[in-house]
Protein chains: 2
Amino acid sequence: MIKIVVTDDHKLFRIGLAELLKKQKDFNVIATFSDGEKFLDFYTKSQDFDIVLLDINMPNIDGIEVLNKLRKIKSSVKPIIISMYDDGNYIAKCSKNGAYSYLLKNTDEEELIKAIRIVAKGKKYFSSLIAEKMVNFMATQSVSENLLSNKETEVLLLISKGLTTKEIATQLFVSTRTIETHRANILKKLEVKNTAQLIKKASEIKLI
Amino acid sequence: MIKIVVTDDHKLFRIGLAELLKKQKDFNVIATFSDGEKFLDFYTKSQDFDIVLLDINMPNIDGIEVLNKLRKIKSSVKPIIISMYDDGNYIAKCSKNGAYSYLLKNTDEEELIKAIRIVAKGKKYFSSLIAEKMVNFMATQSVSENLLSNKETEVLLLISKGLTTKEIATQLFVSTRTIETHRANILKKLEVKNTAQLIKKASEIKLI
DNA sequence: ATCTATATCCGTATAAATACGGATACAAAA
DNA sequence: TTTTGTATCCGTATTTATACGGATATAGAT
């Protein structure tokens with residue numbers, strides 16, 4: 001029996017997905033969550049499952065952060081990313097952070113089930129399309145991955161959500177000057193001169 | 001028996017949704033399609049269904065265009081929009097173009113089923129949250145085909161290129177106050193509060 | 001053991017954006 | 001014809017962002 005947890009902020013999607021998976025006799029969807037934070041809360045209480053299906057774009061704690069945390073604590077739970085974006089940067093990032101598979105939201109049922117069975121056995125599964133995107137990306141611009149520090153990425157995300165420097169500072173429990181410095185460094189690294197260009201560039205290279 | 005067609009470009013979503021709906025004895029999901037064009041192709045051959053669940057953002061022909069076409073030919077098929085965006089403009093536009101309901105992708109199963117049953121009887125269904133967003137939007141803005149005026153679009157493009165208000169004013173041979181007013185109006189129309197959110201939203205809804 | 005990157009903090013100053021007001025001219029739509 | 005939307009302009013005030021300068025502590029890499 002393969003025990004599965006689903007985490008996606010779109011309720012209709014995650015319960016639909018759970019419904020799909022339930023059709024497999026040896027699959028057991030034990031819980032679903034609307035964001036990474038709720039999932040991690042659950043995880044601290046119970047690690048009795050094999051696979052977590054994770055969306056990338058979620059409120060509070062996103063899929064990539066979840067991957068990170070699971071990797072850091074050397075969790076035995078195997079994460080599978082289900083994203084709507086077939087972007088090389090995303091794929092590479094997820095793979096690097098310990099994802100066992102990367103599926104698109106428009107893959108079909110058979111591939112999803114196949115991926116889950118493969119991952120449950122401890123093997124990784126990346127379709128040829130996804131693997132190709134990842135390789136292409138890493139060949140050309142592996143630099144962009146560690147362009148920004150973790151903290152800078154965190155700040156960038158909050159900027160993109162429309163928070164002001166002051167609001168970000170409050171939320172991260174640091175002074176506004178610290179955030180201002182982060183902003184300045186982010187602008188410098190992305191070679192832009194203001195917020196508008198920053199957000200545009202960041203979405204172009206799928207940093208947000 | 002309520003006959004339903006599902007149209008959404010994310011296969012996992014639409015088959016998951018179909019699976020959910022199949023649990024209702026009196027629901028019959030007769031077909032699913034990946035975009036508006038494929039759905040309309042099918043529609044020309046068969047109109048033997050009651051409800052179509054439509055995503056907005058789809059390749060080729062999007063949900064709003066489908067609404068338009070169905071309305072123009074006075075189709076008896078009742079369209080329900082299922083979108084990830086709770087945007088006032090989207091909601092108002094869909095309502096204006098004949099949607100019987102507007103649901104978010106994170107509504108729950110019960111509400112989806114309730115909406116379908118209500119719509120099947122020929123009534124419209126908009127949750128209080130959605131109705132409120134629509135009313136708020138319509139109170140302040142008129143629902144135009146083009147959300148932004150030509151001038152506003154021009155200004156938005158220059159903002160996204162990183163020009164400051166002063167630079168834009170110089171380039172367009174008008175005063176900075178004029179550009180400031182345009183900026184304020186753009187923010188209002190897109191329901192955002194600052195440049196960061198503006199650029200993010202504008203790229204999300206493909207305005208830039 | 002030393003160097004480097006990161007994360008944190010501070011001061012001073014200016015530029016820019018946002019939030020309130022309000023107004024006029026013109027063209028298009030109702 | 002009246003109303004509505006667009007484009008233009010203005011004042012005042014506050015809040016944010018950006019640009020300089022410089023500093024310390026720590027962890028990781030060489």
Side-chain angles (χ1 to χ4, degrees), chain A residues 65 68 71-72 96 142-202 207-208, chain B residues 88-89 92-93 96 137-202 207:
Chain A
E65 272 189 79
N68 243 309
R71 188 170 48 86
K72 277 184 188 152
K96 201 179 165 190
S142 58
V143 249
S144 123
E145 164 69 54
N146 8 26
L147 220 186
L148 298 185
S149 73
N150 288 339
K151 192 53 77 173
E152 284 162 350
T153 307
E154 195 179 1
V155 170
L156 172 57
L157 194 73
L158 295 174
I159 294 171
S160 79
K161 284 183 180 168
L163 302 213
T164 64
T165 296
K166 200 196 282 179
E167 289 167 338
I168 296 170
T170 305
Q171 186 161 328
L172 301 184
F173 306 105
V174 297
S175 86
T176 57
R177 290 301 280 100
T178 301
I179 303 302
E180 281 168 27
T181 307
H182 285 317
R183 285 188 91 119
N185 291 335
I186 294 169
L187 291 182
K188 204 168 148 198
K189 285 187 179 178
L190 293 192
E191 297 170 278
V192 292
K193 60 180 271 287
N194 59 29
T195 306
Q197 282 186 333
L198 168 65
I199 300 298
K200 195 184 172 202
K201 181 143 191 184
L207 242 41
I208 52 173
Chain B
N89 186 43
K93 213 171 196 172
K96 197 181 164 191
F137 181 82
M138 292 199 293
T140 49
Q141 313 290 323
S142 76
V143 189
S144 60
E145 286 313 308
N146 300 319
L147 180 55
L148 298 183
S149 72
N150 288 341
K151 191 54 77 172
E152 284 162 350
T153 306
E154 193 179 3
V155 171
L156 171 58
L157 195 72
L158 294 173
I159 294 172
S160 79
K161 284 183 179 169
L163 302 213
T164 64
T165 296
K166 200 196 282 177
E167 288 167 340
I168 296 171
T170 305
Q171 186 161 327
L172 301 185
F173 305 106
V174 296
S175 85
T176 57
R177 290 301 281 105
T178 301
I179 301 302
E180 281 168 29
T181 306
H182 284 318
R183 285 188 91 118
N185 291 335
I186 294 168
L187 291 182
K188 203 167 145 199
K189 286 187 179 178
L190 293 192
E191 299 170 280
V192 292
K193 60 181 269 289
N194 59 30
T195 306
Q197 282 186 333
L198 168 65
I199 300 297
K200 197 183 171 203
K201 182 141 191 184
L207 242 40

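Just so we're on the same page: letters track the sequence lines, and every chain starts at 1. As a basis for the values below, the full set of heavy atoms in this structure was taken, side chains included, without hydrogen atoms, waters or symmetry mates.
One atom, CG of Leu187(A), and another, C1' of dA19(D), lie 11 Å apart when rounded to the nearest Å. If you measure from atom CG of Leu156(B) to atom P of dA7(D), you get 13 Å, rounded to the nearest angstrom. Atom pair Glu180(A):CD and dA7(C):C1' shows a separation of 15 Å (rounding to whole Å applied). Distance Lys188(A) NZ to dA17(D) C1': 17 Å, rounded to the nearest Å. Following rounding to the nearest Å, Ile159(A) (CD1) and dT16(D) (C1') show an atom-to-atom distance of 12 Å. Rounded to whole Å, the distance from NZ on Lys166(A) to C1' on dA17(C) is 15 Å. Put simply, NE2 on His182(B) is 15 Å from P on dT18(C), counting in whole angstrom units. Nucleotide dC9(C) holds its P atom 14 Å from the CG atom of Asn185(A), rounded to whole Å.
In this model, the phosphate group of dC9(C) is approached by a side-chain N or O of Ser175(A) to a distance below 4.0 Å at OP1 or OP2. Remark: Lys193(A) is not in phosphate contact with dT18(D), judged by side-chain N or O atoms under 4.0 Å from OP1 or OP2. For the pair Thr165(A) and dA17(D), the criterion of a side-chain N or O lying under 4.0 Å from OP1 or OP2 is met. Regarding contacts with the backbone of dA7(C), every side-chain N or O of Thr178(A) stays at 4.0 angstrom or more from both OP1 and OP2. Taking only side-chain nitrogens and oxygens, Thr195(A) never comes nearer than 4.0 Å to OP1 or OP2 of dA17(C).
Of all heavy-atom pairs between Lys201(A) and Val192(A), the closest is CD-CG1, 4.0 Å. Shortest non-hydrogen contact noted between Ile199(A) and Lys200(B) is CG2-N, 3.6 Å. Pairing each heavy atom of Gln171(A) with each of Leu163(A), the nearest pair is OE1-CD1, 3.4 Å.
Of the candidates dG11(C), dT18(C), dA7(D), dT18(C) carries the atom nearest the Arg183(B) side chain, counting heavy atoms from C-beta on.
Remark on DNA chain D: of its neighbouring residues Asn194(B) and Ile179(B), the 5'-side contact belongs to Ile179(B), judged by nearest-heavy-atom nucleotide. Nearer the 5' end of DNA chain D, as judged by each residue's closest nucleotide, is the contact made by Leu163(A), out of Thr181(A) and Leu163(A).
A side-chain contact (heavy atoms from CB on, under 4.5 Å) with Ile159(B) is found for exactly one of Thr164(B), Thr165(B), Ile168(B), namely Ile168(B). Test His182(A), Arg183(A), Arg177(A) against Glu180(A) for side chain to side chain donor-acceptor pair (under 3.5 Å) and you get one pass: Arg177(A).
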